[in-house]
Student: 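Before we start, here is the structure in question, set down as structure tokens.
In the text below, chain A, chain B and the rest are named by the order of the sequence lines, each starting its count at 1.
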Protein chains: 2
Amino acid sequence: MNPQKIPDIIIGRLPVYLRSLQHMAEKGISTTSSKELGESVGISAAQIRKDISQFGEFGKQGTGYSIHFLIKKLNEILKVDRVWDVALVGAGDIGHALAHYQGFFNCGFKITMVFDNDPAKIGEQIGDFEIFDAANMVEIIQTTGIKVAMLTVPASEAQAVADKLVESGIKAILNYAPISLNAPPDVHVQHIDPVVHLQRMTYYLD
Amino acid sequence: MNPQKIPDIIIGRLPVYLRSLQHMAEKGISTTSSKELGESVGISAAQIRKDISQFGEFGKQGTGYSIHFLIKKLNEILKVDRVWDVALVGAGDIGHALAHYQGFFNCGFKITMVFDNDPAKIGEQIGDFEIFDAANMVEIIQTTGIKVAMLTVPASEAQAVADKLVESGIKAILNYAPISLNAPPDVHVQHIDPVVHLQRMTYYLD
DNA sequence: TAGATTGTTAATCGATTAACAATC
DNA sequence: TAGATTGTTAATCGATTAACAATC
């Protein structure tokens with residue numbers, strides 16, 4: 001399926017296409033075109049076609065793409081045609097918001113455990129989960145074989161906790177701490193920082 | 001200061017440099033080099049120098065950059081040498097987490113008002129703020145002249161609320177709803193969606 | 001069939017890197 | 001001074017766009 005390496009930048013756009021296609025599917029639409037999909041996500045039709053064609057011939061001349069079929073293919077490509085168990089590390093405000101977030105459903109992810117190092121929180125319930133002691137985190141994650149984690153601890157602890165996640169065998173970290181994490185090349189890190197996103201916009205304001 | 005247009009992609013990296021420089025400053029370090037800064041954020045030294053040199057000659061051959069001076073310049077360039085009032089729209093879990101978030105301090109942003117349309121929430125306190133009725137949002141934002149908003153309403157309402165924000169004169173929207181927003185070209189939109197970030201990583205997992 | 005839209009090629013455009021003179 | 005590091009140029013690399021034959 002991957003004869004040659006697909007650029008990161010293309011992989012990064014696929015989830016956005018997927019999200020838009022799922023909205024179309026929910027509305028009961030069955031077919032779309034590169035033009036329509038492009039307008040809905042703000043990307044040129046040519047680029048949509050080029051991106052998709054990296055993985056196969058999923059469209060039909062004259063009619064466009066079957067939304068159902070394209071969703072299926074994108075789910076397979078992104079490996080979210082399954083459910084990834086996710087460890088949530090840090091039971092503060094952001095951790096609570098993520099634990100309650102409904103948006104992971106049907107997108108390939110399910111939070112299955114929560115860790116914190118605060119004795120006052122350990123043992124408490126957060127949604128459906130009991131908060132586990134972070135001291136046991138490495139062992140538990142190694143045993144369960146979880147590969148994906150979300151990191152919502154304070155910036156001052158983030159690198160140390162990330163190192164422990166790497167030690168645990170975690171291969172994908174979604175980092176909410178406002179700090180650039182160092183990780184080995186085989187561990188993927190994505191970063192969410194509202195300040196970075198806001199500062200990207202103020203440049204353009206008066 | 002901007003003789004020619006600076007590419008978006010460069011502007012997008014500046015907040016990351018800034019965050020790393022601020023961490024260095026907090027540690028009491030006074031000078032850095034493109035090599036050191038590049039290693040800390042995972043970008044080549046050549047690119048760091050090229051990016052920074054778009055805006056002036058802020059470094060010194062042989063010694064590198066004064067961290068204090070470079071922070072000052074980046075703050076000015078990104079227009080966060082001031083404090084932008086921010087409207088938070090949506091008082092759900094994510095809204096609460098943002099209202100309590102300490103990370104906006106000293107980064108150029110301050111949430112100054114919170115809106116929701118749920119009668120049960122209107123009038124309640126969320127941190128230091130009273131939750132206002134979203135029905136009055138357009139008028140209040142117009143009156144106060146706020147330009148920046150964070151949108152944490154359900155996906156089903158997000159486009160309608162975004163349209164009202166645009167009507168209010170908002171020029172920068174940080175969107176937490178899992179949907180691609182349409183906005184006029186003079187309104188900047190940034191999107192934070194944990195599912196998109198997670199799906200970007202699973203492609204690379206086994 | 002006629003109209004629409006794909007997949008793909010070639011051309012254009014833009015971003016990154018390597019190298020080095022300038023100079024602190 | 002000698003060593004280090006910038007700012008900048010030119011070369012390389014990669015991404016986007018435009019165009020169109022193929023074909024549904």
Side-chain angles (χ1 to χ4, degrees), chain A residues 1-17 20-21 24 29-74 77 185 200 203, chain B residues 1-17 20-21 24 29-74 77 185 200 203:
Chain A
M1 180 159 291
N2 297 350
Q4 74 281 333
K5 172 148 169 53
I6 311 288
D8 282 3
I9 198 165
I10 293 183
I11 302 305
R13 284 191 291 259
L14 300 186
V16 177
Y17 302 165
S20 189
L21 290 162
M24 292 176 185
I29 309 170
S30 63
T31 298
T32 190
S33 64
S34 58
K35 182 165 178 289
E36 187 179 53
L37 180 56
E39 282 166 2
S40 89
V41 300
I43 286 176
S44 78
Q47 188 157 83
I48 300 266
R49 291 201 300 278
K50 193 118 205 280
D51 286 355
I52 292 174
S53 72
Q54 303 291 311
F55 304 95
E57 305 193 357
F58 299 157
K60 274 207 184 70
Q61 286 103 323
T63 56
Y65 301 92
S66 154
I67 289 174
H68 174 79
F69 182 72
L70 192 50
I71 287 174
K72 182 166 174 288
K73 286 297 177 185
L74 289 176
I77 293 163
R200 248 173 225 202
Y203 171 81
Chain B
M1 179 157 296
N2 298 353
Q4 74 280 334
K5 172 148 169 52
I6 310 289
D8 283 3
I9 199 165
I10 293 183
I11 301 305
R13 285 191 291 258
L14 300 186
V16 178
Y17 302 166
S20 189
L21 290 163
M24 292 176 184
I29 309 170
S30 64
T31 298
T32 190
S33 65
S34 57
K35 182 165 178 292
E36 187 180 53
L37 180 56
E39 282 167 3
S40 87
V41 300
I43 286 177
S44 77
Q47 186 158 83
I48 300 266
R49 291 200 300 280
K50 191 115 204 281
D51 286 354
I52 293 174
S53 72
Q54 303 292 311
F55 303 95
E57 306 193 358
F58 299 156
K60 274 206 186 72
Q61 286 102 323
T63 57
Y65 301 92
S66 154
I67 290 175
H68 174 79
F69 181 71
L70 192 50
I71 287 175
K72 183 166 174 287
K73 285 298 175 185
L74 289 175
I77 292 162
R200 246 173 227 203
Y203 172 81

Student: Judged by atom type as modelled, is there a donor-acceptor pair below 3.5 Å linking the side chain of Ser20(B) to the main-chain atoms of Tyr17(B)?
Tutor: no
Student: Let me spell it out: for each of Asp8(A) and Ala45(B), pick the nucleotide of DNA chain D with the closest heavy atom. Which residue's pick is nearer the 5' end?
Tutor: Ala45(B)
Student: Give one of base, sugar-phosphate or nothing for Lys50(A), where a contact means two heavy atoms less than 4.0 Å apart.
Tutor: base
Student: What are the two closest heavy atoms between Arg200(A) and Pro15(B), and how far apart are they?
Tutor: N-CG, 4.0 Å
Student: If every non-hydrogen atom of Ile6(A) is compared with every non-hydrogen atom of Ile11(A), which pair is closest and at what distance?
Tutor: CG2-CD1, 3.8 Å
Student: Side chains of Asp51(B) and Ile43(B), heavy atoms from C-beta outward: is any pair under 4.5 Å?
Tutor: no
Student: If dA4(C) has a Watson-Crick or G-U wobble mate with both distances under 3.5 Å, name it; if not, just say none.
Tutor: dT23(D)
Student: Which nucleotide span of DNA chain C, 5' end to 3' end, has atoms closer than 4.0 Å to non-hydrogen atoms of chain A?
Tutor: dA4(C) to dT9(C)
Student: Could you list by number each residue of residues 60-69 of chain B showing a heavy-atom separation from DNA chain C of less than 4.0 Å, or answer none if no residue does?
Tutor: Lys60(B), Gln61(B), Gly62(B)
Student: Can you measure from OG (Ser53(B)) to CD1 (Ile10(B)) and round to the nearest 0.5 angstrom?
Tutor: 8.0 Å
Student: Can you work out whether Ala46(A) or Arg49(B) has the more 5'-proximal nearest nucleotide on DNA chain D?
Tutor: Arg49(B)
Student: I need the Leu21(A) CG to Lys73(A) NZ distance, nearest 0.5 Å.
Tutor: 14.5 Å
Student: Under a 3.5 Å cut-off for both distances, is dT12(C) Watson-Crick or wobble paired, and to whom?
Tutor: dA15(D)
Student: For Leu37(B) and Tyr65(B): C-alpha separation, side-chain torsions, deciding distance, then whether side chain to side chain contact (heavy atoms under 4.5 Å, CB included) applies.
Tutor: CA-CA 10 Å; Leu37(B) 180 56; Tyr65(B) 301 92; 6.0 Å; no
Student: Looking at Ile29(B) and Ile67(B), what are the two nearest heavy atoms and their distance?
Tutor: O-CD1, 3.6 Å
